[in-house]
Every structure is written in structure tokens, then in C-alpha cells.
Amino acid sequence: MGIQNQEKKRHHVALEALLHQSKATTQIEAKEHCLRTLEVMYQSRFMDDKMAILVKQNKGGTFHMNGLGHELIGAVCALSLIPGKDWAFPYYRDKSFAIGLGCCLVELFGTFMGRATKHHSSGRMMPEHFSHKGLHIPVQSSVVGSQFLQAVGLAKGLRHSGKDEVVYVSAGEGATSQGDFHEALNYACLHKLSVIFVIQDNGWAISVPVKDQTAGGSIAKITQGYEGLTTHEVDGTDYEQVSKAMALAVKKGREEKGPSIIVASVPRLGPHSSSDDPKKYKEDTHILEEQARDPIVAYEQWLVEMGLFHREELEALRVRVKEHIDAAAKRAEDIPFPDPATCRQHISKAFVQEEVKLEAPKQDAIVMVDALNHALIEEMSVNPHIVVFGQDVAGGKGGVFGVTRHLTEKFGEARCFNTPLAESTIIGTAIGLSFDGVHIPVVEIQFADYLWTGINQLFNELASIHYRSNGEWNCPVVVRMPIGGYIQGGPYHSQSIEGFLAHCPGLKIVFPSHAEDAKLLLKAAIRDPNPVIFLEHKGLYRQRAFSARAEPHPEEVGVLGQAKVLREGSDLTVITWGMTAVMAFEIAEKLSKEEGIEAEIIDVRTIVPLDMETLLTSVQKTGKVLIAHEAPKSCGFGAEIAARLSETAFTYLDAPIARIGSVECAIPYSKVLEDAVLPQKKDLETAIMALAQF
């Protein structure tokens, strides 16, 4: 009798907790909440079962990543949030979360089959890469762990806007080996952000067991070192543990008291994916142990023990859900495949920036570093949602070169602040910050040479978000980077990397050579809804002879994608940008006076999009082309321009296209060695004269 009383008391306490955690006001509402949780779990399980069958039947889907064993943790987390208010970055194993938050079953099947669905990328991404703007699910990618920094960046923007929304981000335990995970925890704790990290630990990163993945056996032990982070280590198959942890995490987030992490131990009941065979690396005994922890079986048992449902009710629900899943799969087969003609749509968001030029009195000449600073001040003054951050950009320093000086003083720490010394953090959080459709991050990478630790967030994430989401999401992020040599920076402060960047679809790339263009084009970049890489030559920041120009009026704005003829000429065309544009102009002026050679100098200004019309017009006039850039000649962007001109202007050419670039090696520190590697004025003079005489 005592045992029965203890059991009744436990049930009563559990029900009272359930009422609190589910925000139900009656036991009837609590029962409905439990029923919905089970329904979501059934939907996820039966959808996975159906998809596995469809793969074998070759009905559109050829690849399947299941969430077998993860159903409870995802369902409970989703039903603890407010769809369309809170934000979510679910990973590929989180199908039950997506369903619980409100994703359409037919669309999920359609995405699996590669069909033209409204959400979830319309066939551009693999299945389980969720994206739904109405439900606040930014487009997810295949890059393990990349979502962590984006989640905290978004949370930073929400805090800046004064909203009590929370951000959910999930991943498997394998993703916690990525540096982005730890960078995200650090950032979230520094700023006390309302982020809920949910790690669904099934013990396997494909075939790598957790003992080979995580020191100490559990990421929960490691995360306890982050001050301000609340760590919940739970059994992901236990409804009471999971719901309690999630309720506490949501409450903490709503109250803006900082981040939480839930590390949930779950079984992986299926293979990693449809192309995986777990029997190659799992012992039979381990497989049986995992099957004994099936969260659906455990949850069904709990519901019956609590007296909430009878077995017959659960079986009836199973039948209904199974029929519903089969019907959804059938309807998905009627969704058409994407039109092949749309394969290149949404690489960039369509946008036309009208050039704004005013008939105003000439202002004093300024150098490029001041022009950039004034552009930022003017844009931040008219748009309160522009946020500037990076390494050393805040306060009196204003960046290594002083471009962002005075911004913190004028606009406050919320709009110009320093970040940790981590390029992935800078770009990843900028992506997240821009997802809210309000903020425009303008970030600084201290030197272009240091970009590479952030290249995953730039290339794999930022550049392709608009395309991967089929136009549903866009990220108006500006990434500023000092670039180039000629000032004895050595191998890690002197690279010219525009050729690397130009190879990545979805990025616009700007490279001005003087103060007027720098100011007008930076303002245009900030107003563009697409990612823009803004390259600033360090050697031209304070150069006066060529680069100092009369400052444009505050209301003037440039336009991306237009080259500029710096000097008219008839004998040959020199196509260039950055420092070599300055050098080419000076040499052209010299040769005009001394040799009578009239070289037309074109500053492309924008690497992407490239203004081929202006280039073609010049080549058709002169018949000869020299392409000069600071980056190594081999595989430099000049080679791309040469190829395009060969394809479109071959009949106008009176000589082979000539190119100048640096020697194929790192840029040395010693001035004599640097001069030997980088193009010099004498190299341009020799090349121009040779081409003119051809």
C-alpha cells in the first residue's frame, strides 16, 4: 500500500510539473499537450519510415537522414517555443522539431523528393535542411556546426531591438568538436544572450564514437567552464527531464539572463544516413541497447503509467498518424520538379541602386581613410539599424588603421563594438544579425590575410544563403578588409585575395582606388541587400598624390558594377584596380608627355559584378589590352578578364592580351624583397611601351 501511495504521489507531482512546464491551466490541457507531443513524435517516426521506403523505390529522394531516436527531444523543444516569434536553427537530425514548430508534412516530403516546394529551398538543398521564414527558421546548411554562431548573432540583434524572443539552436555531439561551437558559447556568455543550445548526443559522429570525439565523454562537463551558461544534462528519452530543462532554459532566455545548454543523451536507432551501414562499426549488443531506449516506447509507457491515456487510444493515434503520413507523401509526389531554367535564379537578390550625384560646391580633398570613416558616420546617422563590429574597431582606436574612429562615441557601444579575436565569430554572427530583416552589419576583418579562419562562414554560408533558400532569405552584410602590400607587411599582412573571393558565387566585391569612390561605393555597399566584400588598399589609405579627392556631398551615393575610365586614350587599354590603378595612371601620364603614347586607364572598381560593357567599348576603340593587378599573375582575376575579352572581343584585338601581376610567392617583409615580388611602376611602363609598339 505504501508503494502505491508513493507512486500516486509521484504521478501527482509529475502532473503538477507538467501543468507548469506546458503552461496548461488544467489537466485536460496538459493531456492535450502530451497528446500533441506524441503526435509529433509519431509523425517524425512514420515520416522517416516512409522516406526509407521511398528511397528504395527511387521515388524522387535518393538520400535520407533520419531522426530515429531523437523524436522526443525535438518535439518537446519545439512545443516549448512560440512559432513565428522565437527563432530556430535546427540541424538535420531535428525533423521532429521542424514538425512540432509547424512545418508542413507535404512540403517536407516534397523537399525530400527534390520538388519545387515553397519553403526548405525548393530542391536546392538536400533534405532535412530546414528553411521557413514565417516560422523563423533561417536556411540551414550541410556544414556541421556553422549554425551556432549565426544563432548567437541573431540573438545579439534581438537584444539590440529589445525583444524577448529566444533563439534555439541544435546539433549532434559531433558538431561540438567544431571551433564555431566554442566561439558561439563564448560570445553568448559575453553578451548574456537568450540562446538555447541543444546538443542531441547519440554517441556517434557517423562512425566515430564519443570516446574518440570528446574529452571526458560528455560535452556537458566542458561547457560548465563558461560563466553565465546554465548546463542541463538530461536523458533525452525522459519526458519529465527534457520538459523541465527546456522550460527553465526558455524562462531564463525570456528574462534576458543569458544562455543555456541542454545536453540530451539519445539513441541513434537507424543509420547515419541512407548510405550508411551501422553494422560496420556498431556491435550487435550496442544496437540492442540503443533499441531498448526508444523514446517513443518510453514516452508511451510514461503516458499509460500517468493514467493520461490507455493503450487503445495510443494505437488509434498511431493509425491516424500513419494514414496522414501516407497521404502527405502521396500529395508530395504531385508537386512538380523545379524548372531547370531557374537553376541560376537567386544567386543575388535583385537590386538596383540609383547613382545619386549632386551639383554642389566642391568640398576639401580628403584621403581614403577619412572618406570611409565619413561614409560610415553618414550611413549610421540615417539608418539606426547599421551595426559595426570587429577586432579593435570600437572606442578611440577605431581599428588598426582608424577607419571606425569616433563611431562608438557617436552611436554608442550597442552599434560599434569589439568582438573576440575570431574571424569566424565576426562573419558568423554578422550572418545571424542580418537574418532578422532589420539589422545591417558592417564588419571589419583586420587584414585580408586573416580572413581564412572565417572562410567557412563566408563561402559556405553567407555567399549562398539567398540561393540555398530559393530567395526566401537574404543577408545584407558588408565585410570590410584592408588588403594589399607595398607597406612592408610581410606574408600575413600583404596578400591580395580578390581572385579567391571572385570564384564564390553570391558575393559582390568592391575595390576602390581613391577617396571619392571609396566613400560613394561604401555607401552603396551598405544599402545593397546582398553580401558585399569591401576591399581597402592599405597603401592608399593616406596616399594623397592620386587617391585624395574632393569629398562627395553626404547625400551622394555610388553604384556597384560600374567601371570608371580614369584616363582617355587611343593606343591601348589598361584594365586595373587598387594600387596598380594608381601606378598605371601615373605611368600613362608620363608616357603621354615623353613618348606620345596615349593609354586608356580603366579602374574596374567592382570586381563582382564586373562591368564588361565599359571594358569592351574601350577594347573596341584601342585594339590592345594590358591587365594589371597586384595579386599573383597565375590564376589572378586578370586571367578571367582576359578569357572573357578573348571570347567577346577577339576580332577587335591587334595584339595578344598582356598581363602583369606579382611573382607567385608570399609577400616578403624586407623592402627589397617585397619590391622584387610586387609589380612596380617600371614593370607597367615596360609593358605599356611594348604593347603600344606591337
Side-chain angles (χ1 to χ4, degrees), residues 146 149-150 152-153 156 179-180 183-184 186-187 368-369 372-373 375-376 386-395 397-405 407 416-434 440-463 475-485 487 489-504 506-512 518 521-522 525-526 528 530-541 578 607-608 630-631 667:
S146 62
L149 285 168
Q150 296 168 25
V152 299
K156 185 72 166 67
D180 280 12
E183 290 184 28
N186 182 54
Y187 193 98
M368 186 186 290
V369 70
L372 293 166
N373 176 257
L376 290 170
I386 296 171
V387 181
V388 174
F389 54 94
Q391 298 163 18
D392 297 307
V393 301
K397 187 172 181 62
V400 173
F401 296 97
V403 174
T404 59
R405 66 194 186 281
L407 298 188
C416 181
F417 56 89
N418 290 326
T419 66
L421 187 69
E423 287 73 23
S424 191
T425 291
I426 294 171
I427 299 174
T429 56
I431 294 170
L433 193 68
S434 71
I440 299 175
V442 181
V443 304
E444 178 177 309
I445 301 298
Q446 199 165 83
F447 291 92
D449 309 62
Y450 297 155
L451 170 66
W452 307 114
T453 54
I455 206 69
N456 171 55
Q457 290 289 349
L458 183 67
F459 277 16
N460 281 327
E461 301 295 323
L462 179 60
C475 294
V477 175
V478 178
V479 181
R480 296 180 37 256
M481 291 190 285
I483 192 171
I487 60 170
Y492 295 100
H493 302 82
S494 307
Q495 291 185 82
S496 293
I497 64 171
E498 67 272 15
F500 291 94
L501 299 173
H503 194 69
C504 185
L507 299 176
K508 294 186 177 182
I509 306 168
V510 184
F511 201 156
L521 295 178
L522 180 56
I526 292 172
D528 197 295
N530 298 286
V532 181
I533 310 300
F534 201 90
L535 304 174
E536 305 162 7
H537 201 290
K538 304 188 299 293
L540 299 180
Y541 269 143
I607 306 293
V608 180
E630 185 177 334
I667 311 300

Fill in: Spacing of I426 atom CD1 and I445 atom CD1 [to the nearest 0.5 Å]
4.5 Å
Discussion item. Just so I know, are the side chains of Q391 and N418 near enough to count as touching, which here means a heavy-atom distance under 4.5 Å?
Written reply: no
Item to complete: Please check if the side chain of S496 supplies one atom and the backbone of E630 the other of a donor-acceptor pair under 3.5 Å.
Response: no
Worksheet, complete the sentence: Hits for side chain to side chain contact (heavy atoms under 4.5 Å, CB included) against A502, two or more places apart or cross-chain, chain-then-number order -> I509, I607, V608, F637
Worksheet entry | Matching residue for W452 among F500, F447, Y492 - test: ring-ring contact (aromatic ring centres under 6.0 Å, His included) | F500
Worksheet item: If you round to the nearest 0.5 Å, how far is CG of L521 from CG of D528?
Response: 11.5 Å
Worksheet, complete the sentence: Scanning both residues in full, the closest heavy-atom pair of P482 with K538 reads CB-CG, 3.5 Å
Discussion item. Any non-hydrogen side-chain atom of P531 less than 4.5 Å from a side-chain atom of V479?
Written reply: no
Worksheet entry | Residue list, side chain to side chain contact (heavy atoms under 4.5 Å, CB included) with F459, at least two apart or on another chain | I455, L501, C504, L507
Worksheet item: For E423, what residues pass the salt bridge (Lys or Arg N to Asp or Glu O under 4.0 Å) criterion, not counting sequence neighbours?
Response: none
Worksheet item: Is it true that a side-chain atom of Q457 and a backbone atom of S146 form a donor plus acceptor pair closer than 3.5 Å?
Response: yes
Fill in: Test log, rule side-chain contact (heavy atoms from CB on, under 4.5 Å), inputs I431 and C475
CA-CA 6 Å; I431 294 170; C475 294; 4.1 Å; yes
Worksheet item: Is the shortest heavy-atom distance from the side chain of T429 to the side chain of V152 under 4.5 Å?
Response: yes
Practice prompt. Check whether any side-chain heavy atom of E183 sits under 4.5 Å from a side-chain heavy atom of P420, and report yes or no.
Written response: no
Worksheet item: Would you say the side-chain atoms of D180 pair up with the backbone N or O of L149, donor to acceptor, closer than 3.5 Å?
Response: no
Worksheet entry | Residues forming a side chain to side chain contact (heavy atoms under 4.5 Å, CB included) with V369, sequence neighbours excluded | V367, V403, R405, Y541, R542
Worksheet item: What's the spacing between M481 CE and F511 CZ if we round to 0.5 Å?
Response: 10.0 Å
Discussion item. Show, in sequence, the C-alpha distance, side-chain angles and deciding distance for L433 and V387, and conclude whether the side-chain contact (heavy atoms from CB on, under 4.5 Å) test is met.
Written reply: CA-CA 9 Å; L433 193 68; V387 181; 4.1 Å; yes
Item to complete: Start with the C-alpha gap between K508 and F534, add the side-chain angles, then the distance that decides, and say whether side-chain contact (heavy atoms from CB on, under 4.5 Å) holds.
Response: CA-CA 8 Å; K508 294 186 177 182; F534 201 90; over 6 Å; no
Fill in: Pair V532-V477, side-chain contact (heavy atoms from CB on, under 4.5 Å): steps then yes or no
CA-CA 6 Å; V532 181; V477 175; over 6 Å; no
Discussion item. Under the rule for ring-ring contact (aromatic ring centres under 6.0 Å, His included), what residues qualify as partners of Y187, not counting sequence neighbours?
Written reply: H191
Discussion item. Tell me which pairs pass salt bridge (charged side-chain N to carboxylate O under 4.0 Å, His left out) where either residue lies in residues 446-463, with sequence neighbours left out.
Written reply: E461-R468
Worksheet item: Quick one: CD1 on I483 to CG on L540, what's the gap to the nearest 0.5 Å?
Response: 11.0 Å
Discussion item. Nearest 0.5 Å, please: how far is CG in L407 from CZ in F389?
Written reply: 13.5 Å
Item to complete: Starting at CG of L522, measure out to CE of M368 and round the result to the nearest 0.5 Å.
Response: 11.0 Å
Item to complete: Side-chain contact test, heavy atoms from C-beta onward, threshold under 4.5 Å: evaluate it for L376 versus V442 and give yes or no.
Response: yes
Worksheet entry | pair I386-I526: side-chain heavy atoms closer than 4.5 Å | yes
Worksheet item: Tell me, do I497 and L451 make a side-chain contact under 4.5 Å, heavy atoms counted?
Response: yes
Worksheet item: Can you check whether P491's main-chain N or O pairs, donor with acceptor, with S494's side chain at less than 3.5 Å?
Response: no
Discussion item. Using modelled atom types and a 3.5 Å cut-off, is there a donor and acceptor pairing between side-chain atoms of D392 and backbone atoms of G398?
Written reply: no
